[in-house]
Every structure is written in structure tokens, then in C-alpha cells.
Amino acid sequence: MTGAYSRHWRLMLAVNAAMMVGVFLHKLTLPPYIPYIHLLVDYHFGFIKRALIGAIVGLFAAKVPVSLVFALAGSIWLMTFALFIHLFRRTFGSSGSQLPLFVFTAGSPFVFKNFLFTLGHFDIYGCLGAIILLLLPASSLAYVLLAALISAVLVLIHHIHLLMYVPTITAIVVLRYYLARSIAPRDIVVGAAALLGLGALFLAAQFLGTMPLPEADFVSYLKTRMVDPSRTELLQFAYVWYQPLAKEVQDTWARLPSNLLGVPVYALLLWLHLPLWRTLQNHIGALEHQRHRQTVIAALLVISLAYLVMFAMVFDYSRWISSWVICLVLMLHAVKTLPASKQISAIDADDRKTTILGWIVTALPRVGIIRPF
């Protein structure tokens with residue numbers, strides 16, 4: 001990397017840091033509707049979907065201030081970002097030649113900048129769980145059990161994690177544990193039992209986890225957990241805990257024509273990350289064993305199919321496309337742990353086109369929640 005281009009990529013890191021601070025400060029000015037309710041809902045009335053975080057918060061605070069949304073979510077963001085930096089250094093090293101890849105991953109508007117804009121939402125917990133599994137050794141069956149436990153926690157946080165991050169976590173386990181050894185019968189039994197258990201937990205949350213009392217009574221209970229019960233506008237989305245799957249799908253398809261208008265924007269944003277996709281493709285192509293390559297490609301297809309199903313069910317398209325990109329980034333780290341037949345060169349930091357793409361990616365503050373930007 002020449003001196004001039006090295007300064008470019010280091011300056012991009014500084015700009016990304018400033019952008020993250022700006023997105024966070026902007027987020028502080030926005031009312032945290034859904035994230036705040038997530039801290040209020042607990043298991044007071046029995047098993048309820050999307051209640052785990054609120055139940056944990058309830059163990060430490062009888063009354064929940066709005067500021068806790070930003071304090072808790074900000075802490076989770078910092079933890080996830082720190083662990084990602086550690087994972088990146090362990091996977092790719094900390095030399096200056098890897099700065100472009102770091103910019104196209106950590107500095108992407110799909111990733112940590114968007115996590116700041118969606119601060120308080122549950123997406124980041126799936127990313128955090130996957131990073132933890134990428135960092136821990138996959139040396140025994142306990143690794144599979146831990147992955148199942150993390151996945152179960154994610155489903156209890158929000159059942160849509162079964163489509164959002166559980167497929168990626170499953171792929172990480174397959175690549176790091178099952179492909180690394182001769183599979184014993186107990187490995188198959190434990191893995192199959194874990195998948196069946198997660199499926200049952202998802203069905204229970206989806207169909208048995210609705211609130212068992214009228215919405216007005218539910219809202220009255222939520223007010224008892226608020227520091228300021230007069231802020232009733234923060235409870236306007238309490239109906240989400242009553243909305244059946246059929247209604248969610250109906251709303252999603254009603255919004256589909258307008259949401260599809262964002263597809264060209266998403267396509268352009270994905271194209272801006274072309275060096276990242278080439279890196280992923282090169283690492284898959286360099287795998288030593290054909291069976292590993294086939295497994296990785298199959299895993300990527302399953303992950304993408306899960307997101308297609310999610311796109312048909314819930315209309316937060318900007319969040320879903322962002323999480324899909326994050327899953328691909330996590331899969332790049334998982335692929336790098338497999339034996340390779342050759343060394344893959346870092347992204348060419350001196351390439352003018354790559355530098356321009358890097359600056360554009362850096363300049364974009366985030367993708368959004370429902371529609372792009």
C-alpha cells in the first residue's frame with residue numbers, strides 16, 4: 001500500500017468514526033417506540049413472545065426510564081463492535097493491507113452505522129451471538145450445545161431470529177465443528193435435537209406467545225413499569241404483541257409495491273461493496289476441499305432463502321437487507337477458518353476504483369429501518 005493511498009484508508013476510518021458519533025447523536029433525538037416497549041414487556045402474564053429482555057431488565061429495575069434504551073443498546077453496540085474488531089484481527093490480522101476490508105465491513109452503512117440507527121432493536125443480538133461463536137474454540141460437543149443455547153435466547157428475544165441469524169449460527173457450527181472432524185452418531189443426534197427444539201420454541205413463541213389479556217389492560221400494566229406513565233405515545237405500538245402472523249403478512253404485501261421501489265437502491269448499495277463480494281468469492285474458491293466449497297455455497301443459499309421468507313412476512317426491508325449483508329460478512333470469517341489451498345491477497349488498496357468505492361461506502365451514514373435512507 002503506497003503512502004498516498006494508505007492515508008486515504010486511514011482517513012476513511014476517522015470519517016467512519018465521526019459518522020458513527022453523528023448517527024448516535026441523531027438517534028438520541030428520536031423516540032424509541034418499539035425498543036422501549038421491549039424493556040417493559042415481561043413474563044408477568046405467562047409465556048409471551050418478545051419478552052426476554054424486558055424480563056431480565058425487570059430483575060434489576062422495577063421502573064424503566066427511557067434513557068435505559070440508549071444505555072443498554074449502546075453498551076451492547078460497544079461490546080459487539082469491540083468483539084468484531086478482535087475477530088477481524090484474529091481472522092485477517094492487523095496489518096495496514098487489511099484496512100480496505102475493514103472499511104467495507106465495519107464501516108459499511110449496512111453494519112455498525114446501521115446498528116446505531118436501529119439502536120434498541122433486537123438485530124444486533126444475533127450478530128453478537130454469531131461473533132461469540134466465531135471467537136470460541138469449536139473443540140467439543142459443548143460448542144454445539146452453546147450455539148443451541150444462544151439461538152434459543154435469540155428466539156426468546158424475538159422469534160424472527162429463527163430466520164434472521166439462526167441459519168448463520170447453524171452454518172458457523174457446521175463449518176467450524178462438523179466439517180473439522182469425523183462425525184459421530186451423537187453429533188448428529190445432538191444437532192438434530194437442537195434444530196427440532198429451536199423449531200418448537202419458534203412455533204410456541206409465534207402461536208402461543210400472544211398476550212392473554214385485552215390490549216387496554218396490557219397497556220395499563222406497561223404504564224406501571226414506566227418511570228413516566230404520562231408518555232403514552234411510547235406505547236402506541238403495543239398492538240404488535242397481539243398481531244397474528246396472517247396480519248403481518250397482509251401488511252407486508254400491502255406495502256410491497258412501495259417497498260419494491262427501494263430495490264434499485266439496495267442493488268446499488270450492494271454493488272458499492274463489490275470488493276467485499278470478490279473477497280468472499282475468492283476465499284470460497286480457494287478452499288482446499290470441494291466438499292467444503294459445496295457446504296459453504298449451500299449454507300449461503302439457505303441463509304438467503306431464510307431472508308426471502310422474512311421479506312414476505314415482515315416489511316422492515318432496510319433492516320433485513322442490512323442483516324443479510326452482516327450474515328455474509330460473518331460467513332466470510334467462518335470460511336476463513338477452513339483449510340485453503342492458496343493464500344488470498346488482500347483487497348488492492350492502491351486501486352483507484354476500490355478507493356472511490358471505499359469513500360462512497362464511508363460517506364453513507366446508514367441504510368435505515370423500512371425504506372433505504
Side-chain angles (χ1 to χ4, degrees), residues 80-81 83-92 98 100-108 110-112 114-115 123-138 143-144 146-147 150-151 154 161-180 191 195 266 269-270 273-311 319-341 344 346-347:
T80 306
F81 188 51
L83 289 178
F84 180 82
I85 292 174
H86 178 56
L87 173 65
F88 188 91
R89 287 176 173 172
R90 199 179 76 172
T91 305
F92 296 101
Q98 297 297 344
L101 181 59
F102 189 75
V103 167
F104 281 107
T105 53
S108 167
F110 287 118
V111 191
F112 286 101
N114 209 59
F115 274 149
D123 317 34
I124 194 169
Y125 290 97
C127 178
L128 175 60
I131 291 174
I132 290 173
L133 288 171
L134 284 167
L135 287 171
L136 292 176
Y143 183 77
V144 179
L146 176 62
I150 290 175
S151 298
L154 292 175
H161 264 127
L162 188 81
L163 296 171
M164 183 182 289
Y165 278 101
V166 170
T168 300
I169 288 175
T170 303
I172 290 170
V173 172
V174 170
L175 267 57
R176 297 196 63 220
Y177 180 80
Y178 284 95
L179 289 186
L195 292 176
Y266 298 134
L269 289 172
L270 291 173
H273 292 72
L274 189 59
L276 172 60
W277 311 136
R278 285 176 176 167
T279 300
L280 177 59
Q281 180 183 23
N282 290 340
H283 278 287
I284 295 174
L287 291 177
E288 185 175 349
H289 304 293
Q290 183 179 1
R291 181 169 66 96
H292 290 182
R293 291 194 297 271
Q294 293 171 340
T295 303
V296 169
I297 292 172
L300 292 174
L301 290 174
V302 170
I303 291 169
S304 301
L305 179 61
Y307 274 93
L308 285 176
V309 174
M310 195 160 57
F311 268 56
R319 284 170 64 196
W320 306 158
I321 192 74
S322 296
S323 289
W324 177 68
V325 170
I326 293 166
C327 287
L328 298 185
V329 171
L330 295 170
M331 284 297 293
L332 171 61
H333 285 269
V335 170
K336 192 70 169 60
T337 64
L338 297 173
S341 59
I344 300 299
I347 295 174

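Worth knowing before you read on, the calculation uses all heavy atoms, side chains too, and leaves out hydrogens, waters and symmetry mates.
The heavy-atom pair separating Ile347 from Leu276 by the smallest distance is CD1-N, 4.5 Å. Residues Ala130 and Leu330 come closest through the heavy atom pair CB-CD1, 3.6 Å. The shortest non-hydrogen separation linking Ile150 to Gly129 is CG2-CA, 3.9 Å. Between Leu287 and Val335, the shortest heavy-atom contact is CD2-O, 3.9 Å. Closest non-hydrogen pair, Ala171 versus Ile303, comes out as CB-CD1, 4.3 Å. Scanning both residues, Leu163 and Ala306, for their nearest heavy atoms gives O-CB, 3.4 Å.
Side-chain contact check for Leu269 versus Ile321: every heavy-atom pair is 4.5 Å or farther apart. Counting heavy atoms from C-beta on, the side chains of His333 and Val329 come closer than 4.5 Å. Annotation: side chain of His289 is not in contact with side chain of Leu338 (no heavy-atom distance under 4.5 Å). Using a 4.5 Å heavy-atom threshold, the side chains of Phe110 and Leu270 count as touching. In this structure the side chain of Met164 reaches within 4.5 angstrom of the side chain of Tyr307, judged on heavy atoms. Taking 4.5 Å as the limit, some side-chain heavy atom of Tyr143 sits within range of a side-chain heavy atom of Ile172. Taking the side chain as every heavy atom from C-beta outward, His292 and Glu288 never approach each other to under 4.5 Å. Val111 places none of its side-chain heavy atoms less than 4.5 Å from the side chain of Thr105.
Rounded to the nearest 0.5 angstrom, Ile284 CD1 and Thr279 OG1 are separated by 11.0 Å. With values rounded to the nearest 0.5 angstrom, Gln281 atom CD is found 9.5 Å from Leu274 atom CG. Here the straight-line distance linking atom CH2 of Trp324 with atom CG of Leu300 works out to 9.0 Å at 0.5 Å rounding. Distance check, rounded to the nearest 0.5 Å: OG of Ser323 to CG of Asp123 gives 4.5 Å. For the atom pair Arg293 CZ and Ser341 OG, the distance stands at 7.0 Å (nearest 0.5 Å). The distance from atom OG1 of Thr170 to atom OH of Tyr165, rounded to the nearest 0.5 Å, is 14.0 Å.
When ring centroids are compared, His161 and Tyr125 stay outside the 6.0 Å threshold. In summary, the aromatic rings of Phe112 and Phe84 are positioned with their centroids under 6.0 Å apart.
Between Phe92 and Phe88, the two ring planes are tilted [angle within 30° to 60°].
Shown here is Arg278, whose CZ atom has no more than 12 heavy atoms of other residues, nucleotides or ligands within 6.0 Å.
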* **Trace of the side chain to side chain contact (heavy atoms under 4.5 Å, CB included) decision for Leu135 with Ile131** => CA-CA 6 Å; Leu135 287 171; Ile131 291 174; 4.0 Å; yes

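A distance-only check finds no donor-acceptor pair linking the side chain of Arg176 to the backbone of Thr337 [under 3.5 Å].
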